[in-house]
Amino acid sequence: MPESPEETLLALDPAWSAETFAVQAGRPRRSPGAPMNEPLSLSSTYVQDATIEYARDGSASTAALEAALGALDGGRTVTFASGLAAATAIADLVPAGGTVVLSTVTYHGVKAIFARLEAAGRLRVRTAAADDTAAVLAAADGADMVWVESIANPLLVVADAPAIAAGARARGALTVVDATFATPLRQRPLDLGADVVLHSATKLIGGHSDLLLGAVACRDGVHAGAMAAFRHDHGAMPGALEAFLALRGLRTLGVRLDRAEATAGELARRLAAHPGVSAVHYPGLPGDSQHATAVRVLPRGCGSMVSFEVAGSVEETEAFLGRLRLFAHATSLGGVESLIERRARYPGDAAVVGPTLCRASIGLEHVDDLWADLDVALRAVPS
Ligand code: PLP
């Protein structure tokens with residue numbers, strides 16, 4: 001049987017930093033001969049008369065991962081088969097006929113979930129710009145849920161999560177923060193007043209582009225119970241192998257993020273001065289319109305994503321992407337390898353980004369090699 005998260009958490013010192021929690025939380029109890037890692041157990045069914053009798057209820061691997069992520073976020077964590085499976089469960093917290101406020105810049109997959117629910121008459125969607133707190137709160141009047149991303153995909157807009165959460169609470173609405181780009185090492189939204197936090201652990205937490213997994217951290221046990229019930233009833237349980245790999249990825253998140261973030265900041269600075277680039281979006285860049293908010297709500301750093309607009313046509317941008325050798329032209333983010341893509345190729349993003357906007361996920365390659373790749377490919381863009 002898996003240890004309960006409570007038992008595991010007892011060994012943790014609240015004075016430790018998040019990086020230490022990421023390494024130590026969710027491990028088996030220390031006793032002679034005990035393994036350091038929760039062993040991977042691949043079984044769909046268990047002998048009866050136990051808490052877990054079938055893998056749709058969970059596994060030792062998901063319990064260990066949930067203990068670790070819950071400790072990091074300061075709430076009760078429930079894991080899902082993907083970030084979007086987790087988002088679907090959170091959307092179910094909106095009552096029938098209720099209203100959700102979405103940020104204009106929101107991951108297009110999340111927008112699609114709510115658009116589908118709205119088309120079915122299940123709920124209503126209002127939108128507001130996440131960097132305009134007054135507009136978000138005006139839209140929150142009479143709403144049931146406000147959904148923001150700590151650092152929004154793909155324009156890297158930073159929401160003032162504490163102000164939005166306080167205003168939403170005063171209006172009786174739940175605040176959901178998708179902290180996929182920030183990770184629990186850069187922002188703990190529950191501490192900032194949010195009710196529910198979403199992570200696509202597919203990205204930085206897993207860190208190696210080899211799994212799909214989502215996690216929801218809740219302040220309130222009732223919400224956590226609703227997440228677990230939704231997961232069970234919809235069969236949205238992550239596999240034990242994915243949970244094992246996500247926890248292994250979490251162990252190195254601190255060093256990976258430090259490195260990728262430092263490289264992202266340096267590349268953003270260099271891109272801002274490049275004649276082949278017309279705009280850079282990186283909240284860690286002094287001069288970026290999001291910088292002041294970022295310093296306040298993401299004091300430990302702004303993550304490993306950089307978006308920029310190529311000073312040229314769509315065809316020239318595609319040609320630029322084709323010239324890159326080190327960056328792979330692929331979607332997703334948060335892995336050790338650097339990726340890049342033109343986001344307007346997604347209909348859900350085309351409405352909010354310029355046609356030449358490229359979103360880069362910065363990995364762990366050397367900064368000078370990544371820069372040489374970008375610089376050479378950009379120099380051929382006529383400006
Ligand atoms: N949230 C954000 C901000 C994302 O970027 C993504 C995926 O790109 C998701 C949620 C969905 O996660 P998954 O791909 O694990 O379903």
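In this text, all values refer to a predicted model and were calculated from it rather than measured experimentally. As the structure lists them, so they are numbered: ligands from 1, and atoms in each ligand from 1.
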| What pairs meet the salt bridge (charged side-chain N to carboxylate O under 4.0 Å, His left out) rule with one or both residues in residues 85-113, with sequence neighbours excluded? | D92-R122
| task | Determine the sole option in R188, Q187, H199 for which the side chain to side chain donor-acceptor pair (under 3.5 Å) test with D73 is passed. | result | H199
| Do the side-chain N and O atoms of N37 and R248 include a donor-acceptor pair separated by under 3.5 angstrom? | no
| Using a 4.0 angstrom limit on heavy atoms, which residues are close to ligand 1? | S82, G83, L84, Y107, E149, N153, D178, T180, F181, S200, T202, K203
| field | Sidechain N-carboxylate O distance under 4.0 Å for D349, R342 | value | no
| message | Please enumerate all residues that pass salt bridge (Lys or Arg N to Asp or Glu O under 4.0 Å) together with D210, with sequence neighbours excluded. | response | none
| note | Those residues at least two apart in sequence (or on a different chain) that pass salt bridge (Lys or Arg N to Asp or Glu O under 4.0 Å) with E261 are R186
